[in-house]
Amino acid sequence: MLQRDYTTSQLDVLEAEAIHIMREVAAEFERPCLLFSGGKDSIVMLRVAEKAFWPAPIPFPLMHVDTGHNFPEVIEFRDRRVAELGVRLVVASVQASIDTGRVVEQTGRRASRNRLQTTTLLDGIEDNRFDAVFGGGRRDEEKARAKERVFSFRDEFGQWDPKNQRPELWNLYNTRIRTGEHIRVFPLSNWTELDVWHYIRREGVEIPSIYYAHTRKVFERDGMLLADATVVQRGDDEPVFEAMVRYRTVGDMTCTGAVESTATTVDQIIDEIAATRITERGATRADDRASEAAMEDRKKEGYF
């Protein structure tokens, strides 16, 4: 007798959930968009979107909130991937927000444009009248993100109230909003960093080169290795040295740290992550160290 195996893998379950979420948004909202930074999570989201609507094109644009201090390798990857897919890219520029007086740039050694992204993001959503915005946030990244629903309601000011969230029963989502409000949607909420890398391996997804170990000039600050770059202010007590590093997460160069590593393949990265006990943001993001509630405070203001 022919026996059939109807079991599905963990990745199949996660992918199916993410595809369902994306199709639900495409059906219920008029003007969705997908936040795409060129980082691994947004790359996986983009791959899921391809599969969700294949053979039709992805039915919504991508948006990148560009601080102007991004890693060149990531920007090159972003532009090339967008051109390959033939999708529309909306670039919301922090530099433009500074030039028009919407935000004031910080000064000093620890200056960063990372927090300024909130205003630029909200302006981009309003200018383009987006009513649903896909983000790559995962619950394992940080405790504030662990609180958030898959469909995360934002009021007319783009703000999030962690004490007043909509219930999510099974796979039923409340998509009702009024004019000026929008929903942040997180299809990868239930994924872990390890799931993301297993998916990258399974799908053969290309990622920017800085995710792999390479030699780079860095300096140490608060236990983190920051890139030596013109946009990163460095003190005389922070000497530059060369190290073999890679990035677990990518963002603004001023607050994104590297980790020492020799992992040059996806398999080696998976082995490395499986053995670590520190989350990617906890190990490499200076902006999350400002206070115990740093991420939650920014999310309440309208951050990713």
Side-chain angles (χ1 to χ4, degrees), residues 4-25 34-54 58 62 71 73-74 77-78 80-81 84-85 134-143 145-146 148-150 171 185-214 244-251 256-285 288 304:
R4 294 182 174 87
D5 184 3
Y6 292 105
T7 59
T8 55
S9 71
Q10 171 72 357
L11 285 184
D12 290 330
V13 172
L14 291 171
E15 181 189 67
E17 178 187 49
I19 286 175
H20 167 73
I21 290 167
M22 287 193 168
R23 288 174 176 169
E24 185 78 0
V25 168
L34 186 150
L35 292 176
F36 185 72
S37 65
K40 67 182 187 309
D41 298 316
S42 61
I43 290 170
V44 167
M45 269 206 309
L46 192 59
R47 175 60 175 161
V48 171
E50 286 184 85
K51 299 181 80 168
F53 304 104
W54 180 263
I58 296 173
L62 312 183
F71 292 92
E73 301 97 321
V74 178
F77 178 89
R78 179 202 72 182
R80 179 165 50 82
R81 193 74 184 99
E84 290 170 354
L85 290 174
F134 289 108
R138 307 186 325 268
R139 290 177 176 140
D140 75 318
E141 286 183 272
E142 200 274 342
K143 56 190 176 183
R145 286 185 166 168
E148 196 156 32
R149 301 289 192 263
V150 175
N171 61 348
V185 186
F186 301 100
L188 307 185
S189 288
N190 293 322
W191 298 51
T192 65
E193 183 184 11
L194 205 52
D195 290 327
V196 168
W197 281 105
H198 278 297
Y199 192 77
I200 288 170
R201 179 174 65 181
R202 190 185 81 172
E203 298 292 310
V205 176
E206 184 186 359
I207 54 175
S209 59
I210 65 172
Y211 279 110
Y212 300 108
H214 58 284
M244 181 71 77
V245 299
R246 72 174 192 87
Y247 287 85
R248 289 177 67 182
T249 180
V250 298
T256 304
V259 294
E260 291 191 88
S261 172
T262 58
T264 56
T265 68
V266 173
D267 285 337
Q268 290 173 347
I269 291 172
I270 288 173
D271 290 342
E272 189 176 271
I273 294 170
T276 189
R277 294 295 177 266
I278 303 175
T279 65
E280 60 194 284
R281 295 192 69 92
T284 64
R285 295 301 291 264
D288 289 348
F304 311 141

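- Take F71 and apply the ring-ring contact (aromatic ring centres under 6.0 Å, His included) test, not counting sequence neighbours, and it matches Y247.
- Of all heavy-atom pairs spanning P187 and G135, the tightest one is CD-O, 3.5 Å.
- Put simply, the side chain of V250 does not reach to within 4.5 Å of the side chain of E73, judged on heavy atoms.
- A donor-acceptor pair is defined here as one N or O able to donate and one able to accept, closer than 3.5 Å; such a pair exists between the side chain of K40 and the backbone of R248.
- Between D140 and W191, the closest side-chain pair of non-hydrogen atoms is not below 4.5 Å.
- Checking side-chain atoms of N171 against main-chain N and O of E17 turns up no donor-acceptor pair under 3.5 Å.
- For D271, the side-chain hydrogen bond (donor to acceptor under 3.5 Å, both in side chains) test picks out no residue, with sequence neighbours left out.
- I273 contributes atom CD1, which lies 9.0 Å from atom OG1 of T192 (distance to the nearest 0.5 angstrom).
- The salt bridge (charged side-chain N to carboxylate O under 4.0 Å, His left out) check on R201 picks up D267, with sequence neighbours excluded.
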Criterion side chain to side chain contact (heavy atoms under 4.5 Å, CB included) on E24 and V185, from CA distance to verdict: CA-CA 10 Å; E24 185 78 0; V185 186; over 6 Å; no
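- Residues meeting the salt bridge (charged side-chain N to carboxylate O under 4.0 Å, His left out) test with E148, sequence neighbours left out: R154, K299.
- Between F77 and E206, the shortest heavy-atom distance links the atoms CZ-O, 3.3 Å.
- F53 meets the ring-ring contact (aromatic ring centres under 6.0 Å, His included) test with F60; sequence neighbours excluded.
- How far NZ of K51 is from CD1 of I58: 13.0 Å, rounded to the nearest 0.5 Å.
- Residues meeting the ring-ring contact (aromatic ring centres under 6.0 Å, His included) test with Y211, sequence neighbours left out: W197.
- The salt bridge (charged side-chain N to carboxylate O under 4.0 Å, His left out) check on D195 picks up nothing, with sequence neighbours excluded.
- Residues F186 and I21 have side chains not in contact (no heavy-atom distance under 4.5 Å, counting atoms from C-beta outward).
- Taking S209 as the reference, nothing meets the side-chain hydrogen bond (donor to acceptor under 3.5 Å, both in side chains) condition, with sequence neighbours excluded.
- For R47, the side-chain hydrogen bond (donor to acceptor under 3.5 Å, both in side chains) partners are E203, not counting sequence neighbours.
- Across all their heavy atoms, T249 and T256 have their closest contact at O-CG2, 3.2 Å.
- Taking R246 as the reference, E272 meet the salt bridge (charged side-chain N to carboxylate O under 4.0 Å, His left out) condition, with sequence neighbours excluded.
- Side-chain contact between I43 and P208 is present, with at least one heavy-atom pair separated by less than 4.5 Å.
- Within the 4.5 Å cutoff, the side chain of T276 has no heavy atoms near those of the V259 side chain.
- Between S42 and S37, the closest heavy-atom pair is OG-N, 3.3 Å.
- In terms of heavy-atom proximity, V48 sits nearest to A18 at CG1-CB, 3.8 Å.
- In terms of modelled atom types and a separation under 3.5 Å, the side chain of H214 and the main chain of M244 share no donor-acceptor contact.
- With sequence neighbours excluded, the residues that form a side-chain hydrogen bond (donor to acceptor under 3.5 Å, both in side chains) with R202 are D12, E15.
- Within the model, atoms CG of L194 and CD1 of I269 stand 11.5 Å from one another, a figure rounded to the nearest 0.5 Å.
- Rounding to the nearest 0.5 Å gives a distance of 12.5 Å between CZ of R81 and CD1 of I207.
- Side chains of L188 and M45 form a contact here, defined as non-hydrogen atoms less than 4.5 Å apart.
- Annotation for D41 and G136: closest pair CB-O, 3.7 Å, computed over non-hydrogen atoms.
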